[in-house]
Structures are given as C-alpha cells and as structure tokens.
Amino acid sequence: MAAASAASAISLNSNSGSSSSNGNPINNNSKNSKSQIMIPIHVWPNPNSRSCQWQSSSSRRWVPLSTKAAAKDDKPTKITADADADADADADANAAKQKKQMQQRNRLELEDVNPVGLGRRSRQLFDEVWRKFSGLGQISSTSRADERDALDALLIREGPLCEFAIPGAQNTTVLVVGPTSRIGRILVRKLLLRGYTVKALVRKTDGQAEEMLPRSVEMVKGDVGDPSSLKAAVEGCNKIIYCATARSTITGDLYRVDYRGVYNLSKAFQDYNNKLAQLRAGKSSKSKLLLAKFKSPDSLHGWHVTTGTYFQDVIASKYDGGMDAKFEFTDSGAAVFSGYVFTRGGYVELSKTLSLPLGRTLDRYEGLLLSVGGNGRSYILILEAGPTADASQSKLYFARISTKAGFCRVRVPFSSFRPVKPDDPPLDPFLVHKLTIRFEPRRQRPVEGPSGVKQDPRSFTLILEYIKALPSGQETDFVLVSCTGSGLEPTRRDQVLKVKRTGEESLRRSGLGYTIIRPGPLKEEPGGQRALIFDQGNRISQGISCADVADICVKALHDSTARNKSFDVCYEYVAEQGKELYELLATLCMLSAQVAHLPDKANNYLTPALSVLEKNT
Amino acid sequence: MAMAWRLPTQFAIPGKLYYNHNHLHPKTSTSHVAFSWQRTLAPNSPLSTLSSPPPSPCSLISVSERSCERSSITCTAQAGGAVNLAPGTPVRPTSILVVGATGTLGRQIVRRALDEGYDVRCLVRPRPAPADFLRDWGAIVVNADLSKPETIPATLVGIHTVIDCATGRPEEPIKTVDWEGKVALIQCAKAMGIQKYVFFSIHNCDKHPEVPLMEIKYCTEKFLQDSGLTHITIRLCGFMQGLIGQYAVPILEEKSVWGTDAPTRIAYMDTQDIARLTFIALRNEKINGKLLTFAGPRAWTTQEVITLCERLAGQDANVTTVPVSILRFTRQLTRLFEWTNDVADRLAFSEVLTSDAVFSVPMNETYTQLGVDSKDIITLEKYLQDYFTNILKKLKDLKAQSKQTDIFL
C-alpha cells in the first residue's frame, strides 16, 4: 500500500503543487510506513467492509456537527489521519483516482473539486468530531493514538509534573561502578527515572550485562583494577557512585576491588577534574588558592624561624641538648627548612602571617594542601585565628601531618584542626591569619633510610614547594558504598573490613568531595517502608533494603550536607514484644544522631539526618 | 451461587454469561442487558481461540474449583493450583508483573515500582512500535496478548505479584481483553501460584450493569474473589492525567472543547498518587482480599473542570456542550444494528452520565488504613495549576521539536 501511495504522490506532484500528500515521494513514503502503525488504533473498531459502509451512512447523519467544527479546524496537519484516509482511498479507488487525475489535469483549481481530497478532508473532520463525541460517552479517554496524549506522556515522563524529576539531573552524568550489583541495578533505574545521564562501568561488554541494564545506559568497558581503562570511563562524568564489591573474600580480589579500585577511580576522576580546571586557568571555582610558593629566594620573605620548649622550669635546662633550625633557599632551587632538636620538650617553628589576595577569604576553602619533600618526619600545623587587630584574642588550632621520605602532597582539611585549649570554639577559617609549621622530636615514627641505617629522629629536613588552600565544593563527587561488617562471616570479617577501610581512607585522601555509606546487611525488599537510622561509630545492628541504599546514594548526589561524610545506615530497630523497656534504655544511651528518618515521597530525609553528623570522620 | 459462577469461567457460552449477570443484578431490565450481551457475544465473534481444549492451563482451574464434573485434568490442576506447592527456588517478593504497563496508570505503576526497588516485568502486546520507554526505565518487557491465552503462562514464571491495570482500547471489542483476557490471566495466575493479584476496577461498577465495561469489571472482581488468589481490588474514579488531553490542551490551543451538561461528579486523582497508594496497600498484609476505593479529594463536574482550566489558562474555552440526551440517543440508535454495537459500547457511559451519580468516596478510612497523610494527595487545582504554570511553555517547545514521540504509544 505504501508503494501505491508513493506512486500516486508522484503523479499528483506532476500536476499541482499544494496537495496535502504532495512533496518528496521518499519522505511521503516514510510517513506512510510510519502511519501504518497507527492505522489500527486510529481507525474504526472493525476495519472491515461493514464498518466502512456504516461510516459513510453515519457521516451523512452528522453533517451539521462536522461543518461546525470545519470552521475551527483550519488545516489538515495531522499526518496520521491524512495517511489514514490515503490508505483507504488507495485501497478502494486506486484505478478511479488515476482516471480522475487525468480529468483534473485541465483545471486550474484542482484541490477544490478533487473528490479524493474532499473525501479525505471530510473524513478527517468527521473523524475528529466523532472522536470527541464518543469521548464524552466513555469512562476515561484513553485514545492513545492521540497526539496530545503523546505529548502528555512525554510531559508526565520528563516534565516538572513528574514526582521524580530533580532540577539538576538533566545536566549531570553519573558513572555507576558495579551497575549489576544488588544496589547498582536499582540505583541505575532510580537515576534514569530522575533524568540523569547514566554511564555504567562494566568489565565485559558481552550480552550479559547489556541484558541486565536498561538500554538508555551508556556502557563503558573498564576494570577498576586497571587504571588505564578508567580514563575513558570518567570522561564527561560529574559524579561517581561506587557500589561494586569483590565477588569473593579472597585477599587478592578484595584488594583489587575494594581498595585499589576506589583509589584508581578517585585518582582518574581527580585527574579529569584537574584537566578541566586547567582549561579555566585557575579562575574556576574548582581552582586552588595559592598561599605560598617557594620558587625564588624572595619567596622566603616573611617566614620566621623560632624555637621553643614546652617546659619552662629549671629542669628543662638540665636536658638542654641544643637545637637549631634554618630556612634557606638552596642553590638547587629548593626552599629547605632543616635543623635538629636535641632538647627534651623542644621544638622549632616556621611561621608566616598570611596575606590573602584581595577579596579572598579562607572560608570558601575547606583545607590546606602542602607539597613537601624531605626525610619523612611528622609535623604539626598550627593556625592562629582571631581578629587581626587584636593579637591577644587569637586562638591556636593544630593538626598533625605526616610526610613521606621523598616528595608528597599532604591534604589537611580545616575540620581536622583542633583547638589547643579544649574550651575554644572550632576553627573558623575566615579568621585565620597566621600559619606555623612546627617540628618536635616527640612521637616521630622511625623512618628507614635508603641505606637501611636508622636515622636520628631528632633531625629533620623539610623541602617546601607550595602551600595552597583547597576550594570547598557544594556537593559530593564520589559516593562510595562500603559496609559496616555486621552480617559478615566472623572469620572473614576483619579482613574484609580492613580492606574496605583502606579503600575509604584512600577516597578521603583523594581530595574529592565524598560520601561514604556503610549500610547494614542488605535485604532484597522494596524500599521506603521503614524508618532509617543514620549513625557514625559502628553501632548499628539492623539490615537495610538495597532500594533504600540506592535512594540514599541518589539523594546524596545533590545534598551539601552529605559532602565529606561517612555514616552508617540501617533500619530502625523495632523492639520485640516484652523487650521494650530494655530497648528504651539502650536507645537513651545512644546519641541524638540516631534519629529515625522515614523516607517518603516529598520529604528529604537525608539533609536533617546528616546535618548532625560530623564531617571527615 | 457456585453454580452460577462456574459458567462465566468457561466463557464459551455467551448466553450463560448474560444469565449470570441477571442473577447478580436482579433489578436490571432483562431485555436491555440481554440485547446488549447477546450482541457482543454473538457466535461469530472470535471466541474460538479461547474455548481451547482442556490441556490449556486456563481451563484447568475453572473446572477444578467450581465444577461438579471432575475430570482427570482436574487433579493435576488441583495439585498445582493451590498456592505454591512446588518446591524450588522461592520467588522473590520484589518480582512483579505489570499488565497494561503502557497505559496512563500502568506507566506510573511501573515507575513507582522501579523506584521502590522492585524488579518489574511488563506484559505488553506485541506491536510494531515497541514500548521503548519501559525498557529505558529499566523494566523488562515481555510480549504477550491477553486475548491469546497460550502466551500468558510464560510471562508469569518467577513472578510474585501481578498488578493488573489493563483495559481494552476503546476501539476494540470490549470483552476481548477485559473479560476473556482477564479470566485467562487470573486462571493462569492461580495455576502458577502467583502470590498476590492486584486488580484495578471502576468505582460504582456494581451499580451500573448497563455499562458493559463496568459490568465486566464487576464480574472480574467477583471472579477474582472466587478464584482463591490472594488479591486486592482497587476501584478508581478518574485520572487527572486524562483531563489534560481532554480539556487543558484544547483550551490552550484554542480549539473547541467538548463537554456534556451532565451533572455527574467525578473525584479525579493523580495516577502518581494512585501508584503510591497501591504499593503501600500491596505491602500491607492486612489489606489482602479487601476492596479499596481510591478517590481524589473533591468531585468535579465537567463544567467545573472546564471553568477551572479557563481560569488557570487565562483564556476562554470554546466549549461545545453536547446534551447527554443526544449521547443517549446515539447509543440507542447504534445499538439497533449489530455492526454498530461496538460503537454503542463506547457510548455506554452516557447511561451513567444521565444520572447525577457522584464518583467519589470519603477517603479518611483508607488513609488511616494505609497510613497516608491526606495532605500528600494532590488536588486537581494544584495539579492543573502546576500543569499550566510549568508545562505551558515547555509543551510548545516540545511540540515544535518532536513529532517522534508518538512511537511510544
């Protein structure tokens, strides 16, 4: 039939220019083949000869109504109805049409009197009128071939009327690692429903994974154990959700997936982010703020070396072994802070009053990054905070950092600084005005020298390259699903947990905004039914459904309170009969962080639950 | 009663079905219904596919359950027919089958289920344009046709719960899917040990036997009850989503809106809310076997809905009001001929419209039963307001861009 109509379209084309079925014959053909799908839906209940007969009789009966609507329906733009009529007309009167066309060739206004066109148009009109009329007598209007319903469907699926839609989702690409895992499967669906673009990291692109994943997921082949394969995977991603886990508890597997996997992926992602930041030449919000760079002798200006001891009484002098330190720019072009402290309880410090560029304050940053080298001692960073005008108001905050032998970068979040006087309020980065690096021989780990000779822990060399402030992001970049360990086989438990914790640690150190979720034993049941408990400190006892974990992952993506947090989550404990009193006491002993939060349609349970939990733990 | 119920399940005897209806609705004018049903169940209708030989799984249960004449087949059916006697891997409670997944309600059910972590299988009729959007969301689509019973059993393997929101398309003979198909599906579900069956029916369907669809829904409810399956029946009033295409879009496009002057009120409800409540009910063991009715917060007449749309759209609608009497007249007229009977069935709802029936029900008890806050249920004002404020612009953009979307339907 399509071929026949295409042929007729060509012949019409030759004699006039404005028939509705005119145009490119190939185009017309394709329209027709598409509309053939619609025919059984759009056409009358029984497209047989009897219904045809009935149509013609009833169309006469309803002429007044159809003329009324004719005034409003100006143009027959509906392809479906058009082709529909086309099909019928072709089937019935193909030969007659040829004849009529021959006759009409002589006239000027062919369209006005073309019986095929007229029939088509009246058929359309009647169709429309009848559809509306019969719609009134129906219980629900489910005429699906209707183009409005098509639009409606589109809107319900993607528009703001969809209860799942999230504003930021359209422009966000999420890489899901472990998309076929128990959590991953649900997670992928949830992300798709909310309009995210989803990439899935799969090890093999054979049919198996493809079958399990929705088709709208972009699959990238790669293995978390193989860093080179991850480069392509993180390309174009804004967020990563890692819910893969080792298939066995064999040490090699655990190490490869739960530790190296997290490390490799966070590294690949950070590299990708840095590449993007470079394109903005340090002007982007992701760029770090340079506090000090030691590239020339001048850069040492403003840094002061001081010495001191913790003991100020007479006994101290008894142990005075002498100490010395200097900060100098060597011929090889490195700024070296070196010296020794033999005095018991003594220390040496290198300090500078910070002068930030105009308009920059440290409260937009979340930590310090030091690029240092040396012989692997540990140091204490001290920040002095308070009003710059009044030094007596200053409060001191400290954090211990350890370096490696050789060069390394050390990341110190502001939240890890503790007040020297326990009563002082937590550090407010906005008020920081002085930075101090202190060396003291106490609590130094013995470091193996290159020759194996044990070094004297009382001497030190610290080569400083730069000190930068790390920008704080709003959202989390990397969501890691770890585990609490409850529900694991006791013999394997420690081993699994150890590897998982190492993986978590490597993520925390990566510099990405992270969220680490440690769910209780997973259950395969629908989510959103029971209250959840968010806690820190390995106290949870209950299981949790995979769907709830997936939901937390999705919610954490755009929640600023979820950034840089690790937490345990499980179902609220429902006391058994007769045990309530005991449970009540036990509950009272727990922290207020353990407020149950019931996941529901509208309420965002995650923010209040997480806002009481500590960061960077 | 048992005798009466045996008959429709064999569904090859049209006259008996009609008899059965009379039995249920003694007040109904006999001649009226008889006429209607004899017509629709005329012997030339494609019943031959369903009156299949005994080994078909569909006929097994009906015989075993209610028939006095037991045959050898009956025994096997009884063995497999009771709930899940067969040993083997237990079916996960998260695996569900949605029948009618491409429909207005069905797609919301599918989405809700996927979001809550169910593994969703969708029974979809084989069609030239596949239901891609279901696959894109992560559901598994299986092809089967309720009017071809032999295609059903395979789709039920490994399924814990069946959610049935299918209804025949308006243009096809009403009983193919809605009666014969459903009977076959329920029998299959029973035979294969499906552990829960959720059926969507129409509110007041027991009060309007003159409307074929409602009559069929009511019979299906009864049939499901008698099947012995663990089931939930949910009666619905009207979908807000349907109003968009019917009134909102025509008003925006300044086309004529067709309405009746009927005083019938319908409590429209958002299908997303229906889906949400459905899953709450589904997980609640106390609701098993119950009949729930979901209704929106307020009942509206057609005229009220049009007025509301006009107000929100900020423009007057071009309303063509068709008196209900004309609808009735047309229905009477089309019933006169056998070949216009399908048309008559399509217009059958006009019978309901002439009465000032209210399609609504107080929901307070249902809310308490399900533990839902009535504030979470969206009202029609809010729904349409959201639509008009948010969608209006986007609608036009979309319409300009994509003509392709209809392949989903």
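Note on naming: letters A, B, ... go to the chains in the order of the sequence lines (proteins, then strands), and numbering restarts at 1 for each one. Only this structure's heavy atoms are used, side chains among them; waters, hydrogens and symmetry mates stay out. As the structure is a computational prediction, the values presented were derived from the model and not from experiment.
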(request) Taking only Lys NZ, Arg NE, NH1 and NH2, and the carboxylate oxygens of Asp or Glu, determine whether B:Asp136 and A:Arg189 approach each other closer than 4.0 Å. (result) no

(request) With sequence neighbours excluded, tell me which residues meet side-chain contact (heavy atoms from CB on, under 4.5 Å) with B:Arg283. (result) A:Pro526, A:Gln529, B:Glu116, B:Tyr118, B:Phe279, B:Ile280

(request) List the atom of A:Ala547, the atom of B:Gly117, and the distance in Å for their closest heavy-atom pair. (result) CB-CA, 3.7 Å

(message) Measuring only between side-chain heavy atoms, which start at C-beta, is A:Leu192 closer than 4.5 Å to B:Trp137?
(response) no

(request) Would you please name every residue forming a salt bridge (Lys or Arg N to Asp or Glu O under 4.0 Å) with B:Lys217, sequence neighbours left out? (result) B:Asp178

(request) Specify the closest pair of heavy atoms between A:Arg194 and B:Asp115, including all atoms of both residues, with the distance to one decimal. (result) NH1-OD1, 2.6 Å

(message) Please give me the minimum heavy-atom distance between B:Asp119 and A:Arg185, naming the atom from each residue.
(response) OD1-NH1, 3.3 Å

(message) Just verifying a value: how many Å separate A:Lys523 NZ and B:Thr94 OG1, rounded to the nearest 0.5 Å?
(response) 14.0 Å

(request) Give the minimum heavy-atom separation between A:Ile186 and B:Leu114, together with the two atoms involved. (result) CG2-O, 4.3 Å

(message) Rounded to the nearest 0.5 Å, what separates atom CG in A:Leu193 from atom CZ in B:Arg112?
(response) 10.0 Å

